[in-house]
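Input: a single structure, listed below in C-alpha coordinates.
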Amino acid sequence: MSAELLQPVPDEDGAPFFDYAACGELRVQTCAGCAAPRFPPRPCCPSCQSFEHRWKRTSGRGRIWSYVLPHPPLLPGYAAQAPYNVVLVELADHPRIRLVGNVVASADAPLDSVDPGRLRIGAPVRAAFHRPADGLAVVRWLLERP
(Lines give C-alpha, C1' and ligand atoms only; values in the text may rest on other atoms or scores of the structure.)
Protein backbone atom coordinates (compact mmCIF):
# COMPACT_ATOMS: atom_id res chain seq x y z
CA MET A 1 0.00 0.00 0.00
CA SER A 2 1.39 3.35 -0.94
CA ALA A 3 2.43 5.70 1.86
CA GLU A 4 0.03 8.23 0.31
CA LEU A 5 -3.00 6.10 1.18
CA LEU A 6 -4.71 6.55 4.53
CA GLN A 7 -3.66 4.17 7.29
CA PRO A 8 -5.85 3.05 10.20
CA VAL A 9 -5.10 4.55 13.60
CA PRO A 10 -6.41 2.03 16.12
CA ASP A 11 -7.39 2.96 19.64
CA GLU A 12 -7.03 0.67 22.66
CA ASP A 13 -10.37 -1.04 22.00
CA GLY A 14 -9.74 -1.62 18.28
CA ALA A 15 -6.06 -2.64 18.40
CA PRO A 16 -6.82 -6.39 18.72
CA PHE A 17 -8.80 -6.26 15.45
CA PHE A 18 -5.60 -5.26 13.61
CA ASP A 19 -3.45 -7.72 15.60
CA TYR A 20 -5.71 -10.57 14.44
CA ALA A 21 -5.75 -9.20 10.87
CA ALA A 22 -1.94 -9.36 10.89
CA CYS A 23 -2.34 -13.10 11.63
CA GLY A 24 -4.83 -13.52 8.76
CA GLU A 25 -7.90 -13.73 10.98
CA LEU A 26 -11.07 -11.68 10.84
CA ARG A 27 -12.37 -11.43 14.39
CA VAL A 28 -15.22 -9.43 15.89
CA GLN A 29 -15.43 -8.18 19.45
CA THR A 30 -18.21 -10.12 21.20
CA CYS A 31 -19.77 -9.52 24.61
CA ALA A 32 -18.81 -12.18 27.15
CA GLY A 33 -22.08 -11.53 29.00
CA CYS A 34 -24.79 -11.69 26.31
CA ALA A 35 -22.74 -12.86 23.26
CA ALA A 36 -23.77 -9.82 21.17
CA PRO A 37 -21.19 -8.98 18.49
CA ARG A 38 -20.17 -5.35 18.22
CA PHE A 39 -18.34 -3.24 15.72
CA PRO A 40 -16.69 -0.87 15.99
CA PRO A 41 -15.03 -2.27 19.10
CA ARG A 42 -15.81 -0.41 22.31
CA PRO A 43 -15.39 -0.95 26.04
CA CYS A 44 -19.05 -1.50 26.97
CA CYS A 45 -21.73 -3.72 25.41
CA PRO A 46 -24.62 -1.58 24.12
CA SER A 47 -27.02 -4.50 24.76
CA CYS A 48 -26.27 -5.47 28.38
CA GLN A 49 -23.66 -2.88 29.47
CA SER A 50 -21.07 -5.55 30.32
CA PHE A 51 -17.42 -4.56 30.12
CA GLU A 52 -16.33 -8.15 29.50
CA HIS A 53 -15.63 -9.24 25.94
CA ARG A 54 -13.78 -11.72 23.74
CA TRP A 55 -12.69 -11.67 20.10
CA LYS A 56 -14.63 -14.27 18.12
CA ARG A 57 -13.21 -15.57 14.85
CA THR A 58 -15.51 -15.25 11.84
CA SER A 59 -15.63 -17.20 8.59
CA GLY A 60 -14.33 -14.12 6.77
CA ARG A 61 -17.24 -14.32 4.36
CA GLY A 62 -19.87 -11.71 3.63
CA ARG A 63 -21.79 -9.92 0.93
CA ILE A 64 -21.54 -6.47 -0.58
CA TRP A 65 -24.20 -4.46 1.21
CA SER A 66 -23.36 -1.22 -0.60
CA TYR A 67 -20.54 0.35 -2.59
CA VAL A 68 -19.39 3.60 -4.17
CA LEU A 69 -16.89 4.60 -6.81
CA PRO A 70 -15.47 7.86 -5.42
CA HIS A 71 -15.53 10.53 -8.08
CA PRO A 72 -13.47 12.53 -8.11
CA PRO A 73 -10.99 11.06 -5.60
CA LEU A 74 -9.88 13.95 -3.42
CA LEU A 75 -6.47 12.71 -2.25
CA PRO A 76 -3.57 12.30 -4.71
CA GLY A 77 -2.71 8.72 -3.67
CA TYR A 78 -6.25 7.65 -4.43
CA ALA A 79 -6.60 9.68 -7.63
CA ALA A 80 -3.69 7.70 -9.07
CA GLN A 81 -5.71 4.48 -8.57
CA ALA A 82 -9.09 5.67 -9.87
CA PRO A 83 -11.50 4.22 -10.65
CA TYR A 84 -11.52 2.16 -7.46
CA ASN A 85 -14.29 0.98 -5.18
CA VAL A 86 -15.19 1.40 -1.54
CA VAL A 87 -17.53 -1.32 -0.28
CA LEU A 88 -19.60 -1.91 2.81
CA VAL A 89 -19.58 -5.65 3.53
CA GLU A 90 -22.16 -7.34 5.73
CA LEU A 91 -20.59 -10.32 7.50
CA ALA A 92 -22.25 -13.70 6.89
CA ASP A 93 -21.72 -14.76 10.53
CA HIS A 94 -22.96 -11.47 11.98
CA PRO A 95 -25.40 -9.70 9.63
CA ARG A 96 -25.57 -6.62 11.89
CA ILE A 97 -21.82 -6.11 11.46
CA ARG A 98 -20.68 -4.20 8.37
CA LEU A 99 -17.07 -3.41 7.49
CA VAL A 100 -15.73 -0.84 5.04
CA GLY A 101 -13.02 -1.88 2.59
CA ASN A 102 -12.15 -2.42 -1.04
CA VAL A 103 -12.79 -5.31 -3.43
CA VAL A 104 -9.48 -6.24 -5.05
CA ALA A 105 -8.11 -9.03 -7.27
CA SER A 106 -5.73 -10.25 -4.53
CA ALA A 107 -4.75 -9.11 -1.04
CA ASP A 108 -1.82 -7.03 -2.31
CA ALA A 109 -3.35 -5.82 -5.59
CA PRO A 110 -3.92 -2.12 -6.22
CA LEU A 111 -7.29 -0.63 -5.35
CA ASP A 112 -8.22 -0.40 -9.05
CA SER A 113 -7.57 -4.10 -9.73
CA VAL A 114 -11.27 -5.04 -10.07
CA ASP A 115 -13.41 -3.70 -12.87
CA PRO A 116 -16.20 -1.66 -11.21
CA GLY A 117 -18.69 -3.30 -13.59
CA ARG A 118 -18.20 -6.60 -11.72
CA LEU A 119 -19.53 -5.22 -8.43
CA ARG A 120 -23.11 -5.98 -7.43
CA ILE A 121 -25.11 -5.45 -4.24
CA GLY A 122 -25.38 -8.87 -2.59
CA ALA A 123 -22.28 -10.30 -4.31
CA PRO A 124 -20.49 -12.81 -2.06
CA VAL A 125 -17.00 -11.83 -0.91
CA ARG A 126 -14.34 -13.21 1.40
CA ALA A 127 -11.72 -11.46 3.48
CA ALA A 128 -8.11 -11.14 2.40
CA PHE A 129 -5.42 -9.45 4.43
CA HIS A 130 -3.07 -6.84 3.03
CA ARG A 131 0.06 -6.57 5.16
CA PRO A 132 2.12 -3.57 4.09
CA ALA A 133 5.69 -3.42 5.36
CA ASP A 134 5.14 0.08 6.72
CA GLY A 135 1.67 -0.14 8.27
CA LEU A 136 -1.09 -2.17 9.85
CA ALA A 137 -2.66 -5.19 8.21
CA VAL A 138 -6.00 -4.25 6.68
CA VAL A 139 -8.94 -6.31 5.52
CA ARG A 140 -9.70 -6.25 1.82
CA TRP A 141 -12.32 -8.27 -0.03
CA LEU A 142 -12.19 -10.79 -2.88
CA LEU A 143 -15.19 -11.66 -5.02
CA GLU A 144 -16.21 -15.26 -4.35
CA ARG A 145 -17.09 -15.87 -8.00
CA PRO A 146 -14.40 -14.36 -10.23
Could you grab the distance from atom [atom1] of [X] to atom [atom2] of [Y], nearest 0.5 Å is fine?
X	Y	atom1	atom2	result
Asp19	Leu136	CG	CG	8.5 Å
Leu88	Leu99	CG	CG	8.0 Å
Tyr84	Leu5	OH	CG	8.5 Å
Glu144	Ile64	CD	CD1	11.0 Å
Arg126	Ser59	CZ	OG	11.5 Å
Tyr20	Trp55	OH	CH2	8.0 Å

Please confirm whether the backbone N or O of [Y] pairs with a side-chain atom of [X], one donor and one acceptor, at under 3.5 Å?
X	Y	result
Asp115	Gly117	yes
Asp11	Gly14	yes
Arg140	Ala109	yes
Gln29	Arg42	yes
His130	Ala107	yes
Asp112	Ala82	no
Tyr67	Val103	no
Ser113	Ala105	yes

Stepwise side chain to side chain contact (heavy atoms under 4.5 Å, CB included) check, Cys34 with Ser50:
CA-CA 8 Å; Cys34 71; Ser50 171; over 6 Å; no
Heavy-atom closest contact ([X] atom, [Y] atom, distance):
X	Y	value
Leu26	Phe129	N-CZ, 3.6 Å
Arg38	Pro46	CD-CD, 4.0 Å
Lys56	Thr30	CB-OG1, 3.5 Å
Pro70	Val86	CG-CG2, 3.9 Å
Val138	Pro8	CG1-CG, 3.6 Å
Tyr78	Leu6	OH-N, 2.9 Å

Decide yes or no on side chain to side chain contact (heavy atoms under 4.5 Å, CB included) for Leu143 and Arg118, but give the supporting numbers first.
CA-CA 9 Å; Leu143 289 169; Arg118 295 183 56 213; 3.6 Å; yes
Got [X] and [Y] here, is their nearest side-chain heavy-atom distance under 4.5 Å?
X	Y	result
Pro43	Asp13	yes
His71	Pro83	no
Leu142	Val104	yes
Val28	Pro37	yes

Apply salt bridge (Lys or Arg N to Asp or Glu O under 4.0 Å) to the pair Arg96 and Glu90, showing each step before the final yes or no.
CA-CA 7 Å; Arg96 293 183 351 200; Glu90 180 178 70; over 6 Å; no
Could you walk me through whether Cys44 and Gln49 satisfy the side chain to side chain contact (heavy atoms under 4.5 Å, CB included) test, starting with their C-alpha distance in whole Å, then the side-chain angles of each, then the deciding distance to 0.1 Å, before giving a yes or no?
CA-CA 5 Å; Cys44 181; Gln49 286 70 54; 4.0 Å; yes
In terms of side-chain heavy atoms, does Asp93 have a donor or acceptor partner in Thr58 at a distance below 3.5 Å?
no
May I ask you to check whether over 12 heavy atoms, not counting those of Glu12, lie within 6.0 Å of atom CD?
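For Glu12, atom CD is not crowded (no more than 12 foreign heavy atoms under 6.0 Å).
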Under the criterion side chain to side chain contact (heavy atoms under 4.5 Å, CB included), I'd like the reasoning laid out for Cys31 against Cys48: C-alpha separation, chi angles, the key distance, then a yes or no.
CA-CA 9 Å; Cys31 179; Cys48 73; 3.5 Å; yes
Within one Ile-Leu-Val-Met-Phe-Trp-Tyr cluster: Phe39 and Phe51, side-chain cutoff 4.5 Å
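Result: no, two separate clusters.
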